[in-house]
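Structure first, then comments.
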Amino acid sequence: MKPYLLSFFVCLLLFSCGNSEVDKLREENRVLKEQLRTAQNGGDSHKYILKLRLKQSHLSLSIKKHIKDAMNAVDFEIPVDKEFYDSVEEGQEIIDNFRFGSMVLYGSFGDWELKVKKKYVK
């Protein structure tokens, strides 16, 4: 008698879940599948690109050092998210760090500069 009673309660419990709960789970499953499909296809089709210029700058009267700094500047492009893309402008300096170690060890006064050279969307 106990196994029949237990089976009856299990069936009652399973069937007591209404269609609304099943419908909620199906809708949630559909939304998750759609999000997965969007993520696999690259999500937002736009790519936000920043072209940056990294260069070293010295405080010096030597023209040779200034020419060397200008020639050694590096331009590169990186993809960024939309929020960061919108927060910067062309010509804006992102990093300007003084090189303290070079001053202490070599007496060289210089810094690193990272500027936004160009912004575009692909």
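The chain is numbered in sequence order, starting from 1.
- One finds the CG atom of L52 at 5.0 Å from the CG atom of L114 (value rounded to the nearest 0.5 Å).
- Legend: residues meeting side-chain hydrogen bond (donor to acceptor under 3.5 Å, both in side chains) with E93, ordered by chain and number and at least two apart, are absent.
- Smallest separation of non-hydrogen atoms from Y85 and I49: CE1-O, 3.7 Å.
- For the atom pair E28 CD and K33 NZ, the distance stands at 12.5 Å (nearest 0.5 Å).
- Around atom CD1 of I78, more than 12 heavy atoms belonging to other residues, nucleotides or ligands sit under 6.0 Å away.
- With respect to E27 and R30, a salt bridge is recorded, a charged nitrogen being found less than 4.0 Å from a carboxylate O.
- To the nearest 0.5 angstrom, K122 atom NZ is 14.5 Å from Y48 atom OH.
- Dense packing is recorded around CG of L32, with more than 12 heavy atoms of other residues, nucleotides or ligands lying under 6.0 Å away.
- The shortest distance between side-chain heavy atoms of E77 and Y120 falls below 4.5 Å.
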Quiz: residues 66-76 side-chain donor-acceptor pairs under 3.5 angstrom, not counting sequence neighbours:
{"unit_1": "H66", "atom_1": "NE2", "unit_2": "S60", "atom_2": "O", "d": "2.8"}
{"unit_1": "D69", "atom_1": "OD1", "unit_2": "H58", "atom_2": "ND1", "d": "3.1"}
{"unit_1": "D69", "atom_1": "OD2", "unit_2": "H58", "atom_2": "N", "d": "3.2"}
{"unit_1": "D69", "atom_1": "OD2", "unit_2": "H58", "atom_2": "ND1", "d": "2.8"}
{"unit_1": "N72", "atom_1": "ND2", "unit_2": "K68", "atom_2": "O", "d": "3.3"}
{"unit_1": "D75", "atom_1": "OD1", "unit_2": "R53", "atom_2": "NE", "d": "2.7"}
{"unit_1": "D75", "atom_1": "OD1", "unit_2": "R53", "atom_2": "NH2", "d": "3.4"}
{"unit_1": "D75", "atom_1": "OD2", "unit_2": "R53", "atom_2": "NH2", "d": "3.0"}
{"unit_1": "D75", "atom_1": "OD2", "unit_2": "K117", "atom_2": "NZ", "d": "2.8"}

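- In this structure, the separation between OG on S57 and NZ on K65 is 11.0 Å, given to the nearest 0.5 Å.
- In this structure, E89 has no side-chain hydrogen bond (donor to acceptor under 3.5 Å, both in side chains) partners at least two apart in sequence or on a different chain.
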